[in-house]
Protein chains: 2
Amino acid sequence: MVDTLINSLTKAGMRLTSTRVAICNYLAGSQDHPTAAQIYAALKPDYPSLSLATVYNTLDVLVNAGAVNVLGQIGDGNVHFDPDTHPHINLACLKCHEIVDFTSQHTVEMEEIIRKESGYQIVGSRMVHYGICPACQESQNSEPTA
Amino acid sequence: MVDTLINSLTKAGMRLTSTRVAICNYLAGSQDHPTAAQIYAALKPDYPSLSLATVYNTLDVLVNAGAVNVLGQIGDGNVHFDPDTHPHINLACLKCHEIVDFTSQHTVEMEEIIRKESGYQIVGSRMVHYGICPACQESQNSEPTA
DNA sequence: TTATTTATTTATAATCATTATATATTTAGA
DNA sequence: TCTAAATATATAATGATTATAAATAAATAA
Ligand SMILES: [Mn+2]
Ligand SMILES: [Mn+2]
Ligand SMILES: [Zn+2]
Ligand SMILES: [Zn+2]
């Protein structure tokens, strides 16, 4: 939802500049787990004046507002973000660096329990299981044992 | 369990040198979520020749073996590790950078489901909820609104 | 509208955790 | 002991992120 993201910027007292809105639109439109550099590269053609700093700054605000989750690195040297804050597990492949969502009712219930019982003021979450995806397991087997 | 950690090194075909064992002992003894720098600082007095590179290298092996989990950063610029690989949620405070464990039966069941149904060859996990801990919420309230 | 202030963006430089490399050291085995 | 392989160290290189200062854009007032 773009609305949620844009709302977060407004609530944080920030102006809705075109680049900030563009970043929100990109995040809302993506079913992906992009890095700052990916967002920058995707928007640069349409917003030639965009700087990487603005991407980082905007992401920072969204993360602190809990509108976007930070998943962290997954073997590549880049922090991945998740615009989908619904409780779910992210399966990350250490080889091809793909991330796919894995939903389970457990996650939803656990989220509730944590927010109720932990005493923490929860901002966001980072639910990642990392390993080797089915496709990369295949290529592992077919490749020579070097 | 030191045994598990040391076993991982052996299985990876590594010799059990004193520094490697020391790192394993430190990890096994800690109920904490240390960074590479913290491990280095803790062991340096007893192992004056220890280098940070060895800490990073050993951690890398342990992580790839699934004997230690990488939680990632929590507001400070340092990657935190978790020697406790039992399924649990890590509650991280973005202010004081403390991490506490939060256990729930949901986590255990979910772990099983993921390993069974995802098709991924799971190496490790990173189950973090980040926010503000109770103590830091207090100090927030008592401090002037700047 | 025009001037004035404030917020934002950009471009650039600085930071610093992590990784890579080359040399020194240790270990295992003959 | 001697030799070769593995390991550790010290150091340098990398590169994502952060900080800074100048430029631009937006809001407000006159
Ligand atoms: Mn996701
Ligand atoms: Mn833990
Ligand atoms: Zn893969
Ligand atoms: Zn705290």
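Every chain is numbered from 1, with letters handed out A, B, ... down the list of sequences. Basis for what follows: all heavy atoms, side chains included, without hydrogens, waters or symmetry-related copies. Bear in mind that the values here come from a model prediction, so they are computed numbers and not experimental data.
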field: Side chain to side chain, B:Asn69 and B:Phe81, heavy atoms closer than 4.5 Å
entry: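 Answer no - side chains too far apart.
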
message: When you compare the side chain of B:Val70 with that of B:Val79, does any pair of heavy atoms fall below 4.5 Å?
response: yes

Output all residues satisfying side-chain hydrogen bond (donor to acceptor under 3.5 Å, both in side chains) with [X], sequence neighbours left out; order by chain, then residue number.
X	value
A:Thr107	none
B:Arg115	B:Glu111
B:Ser30	none
A:Asp84	A:His86

[atom1] of [X] versus [atom2] of [N]: gap in Å, rounded?
X	N	atom1	atom2	answer
A:Asn78	C:dA17	CG	P	18 Å
B:Tyr47	D:dT9	OH	P	12 Å
A:Phe81	D:dA16	CZ	P	13 Å
A:Arg20	D:dA25	CZ	P	15 Å
B:Asp76	C:dA17	CG	P	9 Å
A:Leu43	C:dT10	CG	C1'	16 Å
A:Asp60	D:dA19	CG	C1'	13 Å

Counting only pairs under 3.5 Å, give me each side-chain donor-acceptor contact of residues 3-11 of chain B, with atom names and distances, residues two or more places apart or in other chains.
unit_1: B:Ser8; atom_1: OG; unit_2: B:Thr4; atom_2: O; d: 2.9
unit_1: B:Thr10; atom_1: OG1; unit_2: B:Ile6; atom_2: O; d: 3.0

- request: Indicate, with yes or no, if A:Val128 and B:Ile74 share a hydrophobic cluster defined by side-chain heavy-atom contacts under 4.5 Å among Ile, Leu, Val, Met, Phe, Trp and Tyr.
  value: no

- request: Consider only side-chain heavy atoms of I, L, V, M, F, W and Y, link residues closer than 4.5 Å, and tell whether B:Leu59 and B:Val2 are in one cluster.
  value: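 Per the 4.5 Å side-chain linkage, B:Leu59 and B:Val2 are co-clustered.
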
- prompt: Looking only at heavy atoms, which two atoms of A:Ala12 and A:Val61 are closest? And how far apart?
  reply: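 The answer is CB-CG1, 3.9 Å.
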
Interface with DNA chain C, restricted to residues 6-14 of chain B and to heavy atoms under 4.0 Å: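 Those residues: none at all.
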
Residues within residues 48-59 of chain A bordering DNA chain C, heavy-atom distance below 4.0 Å: A:Ser49, A:Leu50, A:Ser51, A:Ala53, A:Thr54

message: Can you list everything that forms a ring pair (Phe, Tyr, Trp, His ring centres under 6.0 Å) with B:His106? Sequence neighbours excluded, please.
response: A:His106

query: Which angle, to the nearest 10 degrees, lies between the helix axes at the two ends of the helix from C:dT1-D:dA30 to C:dA30-D:dT1, each defined by five pairs?
result: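 That helix gives 20° between its end axes.
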
message: Checking A:Asp76 against A:His97: is there a side-chain donor and acceptor pair closer than 3.5 Å?
response: no

query: 5'-most contact on DNA chain D: B:Gln73 or B:Tyr40, nearest heavy atom basis?
result: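 That would be B:Tyr40.
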
- prompt: Linking Ile, Leu, Val, Met, Phe, Trp and Tyr by side-chain heavy atoms under 4.5 Å, what else ends up with A:Ile122?
  reply: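 A:Ile122 clusters with A:Ile89, A:Leu91, A:Val100, A:Phe102, A:Met110, A:Ile113, A:Ile114, A:Tyr120, A:Met127, B:Ile89, B:Leu91, B:Val100, B:Phe102, B:Met110, B:Ile113, B:Ile114, B:Tyr120, B:Ile122, B:Met127.
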
Atom pairs under 3.5 Å: protein N/O with N/O of nucleotides 27-30 of chain C:
none

message: Quick test of your reading: applying ring-ring contact (aromatic ring centres under 6.0 Å, His included), list the pairs with at least one residue in residues 26-80 of chain A, sequence neighbours left out, ordered by first then second residue.
response: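 Qualifying pairs: none.
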
message: So A:Thr19, base contact, sugar-phosphate only, or nothing? Heavy-atom distance under 4.0 Å.
response: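 Here A:Thr19 touches the backbone only, sparing every base.
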
